[in-house]
Amino acid sequence: MIEKKYIEMKEPFSGNRVINIYLPNDYNERRKKYPVLYMFDGHNLFFDEEAAFGKSWGMKEYLENNDTQLIVVGIQCSFEGNERMSEYSPYDLNCDDEFIEGKGDKYLDWMINVIKPMIDSEYRTKTDKKNTLIGGSSMGGLMAAYAGIKYSDVFSKCICISPSFELCYDKFMNDAIASQSQKGTKFFMSIGSIELDLNNTAVEFTSYMLELCHILQSKGANCYPRVVIGGEHNEASWEKQIPAFMEYLL
């Protein structure tokens, strides 16, 4: 079952957003509480007709067919210009000679202090770190990894699919090195082999993943780096990874 909420954003963000909330099959039949997975690009998760490129992750079918005991909160991004990249970057960027303000910390602050309390108050959730997950792909994958590092007191499990590390890797690594204990945090990181072949970055990107995992594991985290043979940078490919990260994290 999917419920929708409509949220009016406030400065420094703009526009109204749709939040898709997946509730487990037995949600209305039982009084139990559930872990919560917060995901970026929430419009791409459940319905092909809502997805930016006409193909969703198909996550609703997976969750229902496997009776997954998990609430999933998918938050829509901004569609205005480069606002998605701005919201999903913790750092200021220069992309193709265009300056993009990094609003990622402010966005995560909004998720943690506005969205999470709203979900916890309106649904039967397990509110502790152990039962709070975050995930995304591309820029959303970058943000999921950053959230796990910077806000490890809130999120314990992070799904980082095709993360855009290449845009800000030095700054990202500095934050990882400076971070506090990551004990109790799990990171699932993956990249598709076709993505690597197309960009000729196989050695560079896999070294990024392994280096980051090494740093995080030295601080007590549990990491699963993965190169997906035949994996591409699209929702159809990311859908095929759902069983792997669900099994690892849950």
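Not measured: the values here are computed from a predicted model. In this chain, numbering begins with 1 at the start of the sequence shown.
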Inset, instruction - Sequence neighbours left out, what pairs pass side chain to side chain donor-acceptor pair (under 3.5 Å) with at least one residue falling in residues 179-189? - result: none
Legend entry - Lys/Arg N to Asp/Glu carboxylate O, K106 vs E87, below 4.0 Å: no
Legend entry - Pairing residues for S56 by the side chain to side chain donor-acceptor pair (under 3.5 Å) criterion, not counting sequence neighbours: D48
Inset, instruction - Report the residues that fulfil salt bridge (charged side-chain N to carboxylate O under 4.0 Å, His left out) with K4, sequence neighbours left out, ordered by chain and then residue number. - result: E50
Inset, instruction - Not counting sequence neighbours, list each pair that qualifies as a ring pair (Phe, Tyr, Trp, His ring centres under 6.0 Å) and has a residue in residues 120-160. - result: Y91-Y146
Legend entry - salt bridge (Lys or Arg N to Asp or Glu O under 4.0 Å) pairs, two or more places apart, involving residues 142-154: D105-K150
Legend entry - Check: Y169 ring centroid to Y208 ring centroid under 6.0 Å: yes
Inset, instruction - For S190, check side chain to side chain donor-acceptor pair (under 3.5 Å) against everything at least two apart and list the hits. - result: Q241
Legend entry - salt bridge (Lys or Arg N to Asp or Glu O under 4.0 Å) pairs, two or more places apart, involving residues 236-245: K55-E239
Inset, instruction - Could I get the full list of ring pair (Phe, Tyr, Trp, His ring centres under 6.0 Å) partners for F79, not counting sequence neighbours? - result: H43
Inset, instruction - For I194, check side chain to side chain contact (heavy atoms under 4.5 Å, CB included) against everything at least two apart and list the hits. - result: L198, E232
Inset, instruction - Could you pull out all residues at least two apart from N28 that satisfy side chain to side chain donor-acceptor pair (under 3.5 Å)? - result: none
Inset, instruction - Could you tell me whether D41 and R84 make a salt bridge, using a distance below 4.0 angstrom between a side-chain N and a carboxylate O? - result: yes
Inset, instruction - Hydrophobic side-chain clustering at under 4.5 Å (ILVMFWY, transitive links): who's grouped with Y6? Put none if nobody. - result: V18
Inset, instruction - State which residues pass side chain to side chain donor-acceptor pair (under 3.5 Å) with E11; sequence neighbours excluded, sorted by chain then number. - result: none
